[in-house]
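Pasting a structure below so you can have a look.
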Amino acid sequence: MSLEVELRKLASLFEGRLSNSLLDFAIEYCDHGENCLALETLCDQLCEEDVALSELEYQELLRLGSLVGADLNAGRFKYLRTLVSSP
């Protein structure tokens, strides 16, 4: 599965928790080969909207972040950790 497809699949997990316009804005970067920017934008939106995450969603964000070369030490990824809800 291509990275772009994986990013789109990940974004679809947040349908109903983020507006379609925010999701579309982030994923549109994939259309231009900007996968890192797409993921970072999605993460920023999750942070701004304080979207509750499962541990699996958080781990997938980190995994894809690593694959696209995102800075996993950036504040957005640290803040995302605080959004992980307890089981």
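All values below were derived from every heavy atom in this structure, side-chain atoms included, with hydrogens, water molecules and symmetry-related copies excluded. Not measured: the values here are computed from a predicted model.
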Straight-line distance of S2 OG to R8 CZ, nearest 0.5 Å:
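Atom-to-atom, S2:OG and R8:CZ are 8.5 Å apart.
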
Could you tell me whether R81 and E55 have a side-chain N and a carboxylate O separated by less than 4.0 Å?
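Yes, R81 and E55 are salt-bridged.
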
Name all residues meeting the side chain to side chain contact (heavy atoms under 4.5 Å, CB included) criterion together with E49; count only those two or more places apart in sequence or in a different chain, and write none if there are none.
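Scan of E49 (side chain to side chain contact (heavy atoms under 4.5 Å, CB included), adjacent residues dropped) gives L18, L22, V51.
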
Of all pairs that satisfy side chain to side chain donor-acceptor pair (under 3.5 Å), the ones with a partner from residues 11-23, not counting sequence neighbours
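Counting only pairs at least two positions apart or across chains, the side chain to side chain donor-acceptor pair (under 3.5 Å) contacts touching residues 11-23 are R17-E57, S19-S21.
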
Rounded to the nearest 0.5 Å, what separates atom CG in L7 from atom CG in N35?
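Rounded to the nearest 0.5 Å, the CG-CG separation comes out at 5.0 Å.
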
Could you tell me which non-hydrogen atom of G69 sits nearest to which non-hydrogen atom of C36, and how far apart they are?
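Nearest heavy atoms, G69 then C36: C-SG, 4.3 Å.
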
Heavy-atom closest contact (L61 atom, L80 atom, distance)
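Closest heavy-atom pair between L61 and L80: CD1-CD1, 4.0 Å.
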
ring-ring contact (aromatic ring centres under 6.0 Å, His included): which pairs involve residues 38-84, sequence neighbours left out?
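Output for this query is empty, none listed.
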
Grab the two heavy atoms, one from C47 and one from L83, that are nearest each other, plus how far apart they are.
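So the two residues come closest at CA-CD1, 4.1 Å.
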
Under the side chain to side chain contact (heavy atoms under 4.5 Å, CB included) test, which residues partner E28, sequence neighbours left out?
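Only D31, H32 meet the side chain to side chain contact (heavy atoms under 4.5 Å, CB included) criterion with E28.
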
Please name all residues satisfying side chain to side chain contact (heavy atoms under 4.5 Å, CB included) with A11, sequence neighbours left out, ordered by chain then number.
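Residues passing side chain to side chain contact (heavy atoms under 4.5 Å, CB included) with A11: L23, I27, L42.
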
Within residues 60-71 or reaching into it, pairs that qualify as salt bridge (Lys or Arg N to Asp or Glu O under 4.0 Å) - sequence neighbours excluded
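Found E6-R63, E60-R63.
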
Test: salt bridge (Lys or Arg N to Asp or Glu O under 4.0 Å). Region: residues 37-48. Which pairs qualify, not counting sequence neighbours?
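Pairs touching residues 37-48 that pass the test: E40-R76, D44-R76.
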
By side chain to side chain donor-acceptor pair (under 3.5 Å), which residues pair with E34, not counting sequence neighbours?
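Here no residue qualifies.
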
For the student: nearest non-hydrogen atoms of V84 and S54, plus distance
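Nearest heavy atoms, V84 then S54: CG1-C, 4.1 Å.
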
Output the rest of the hydrophobic cluster of F25: all Ile, Leu, Val, Met, Phe, Trp and Tyr residues reachable through side-chain heavy-atom contacts under 4.5 Å, sorted by chain and number.
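When side chains under 4.5 Å apart are linked, the cluster holding F25 also contains Y29, L37.
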
Please find the pair of heavy atoms, one from V68 and one from L39, that lie closest to each other, and give the distance.
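Minimum heavy-atom separation between V68 and L39: CG2-CD2, 3.9 Å.
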
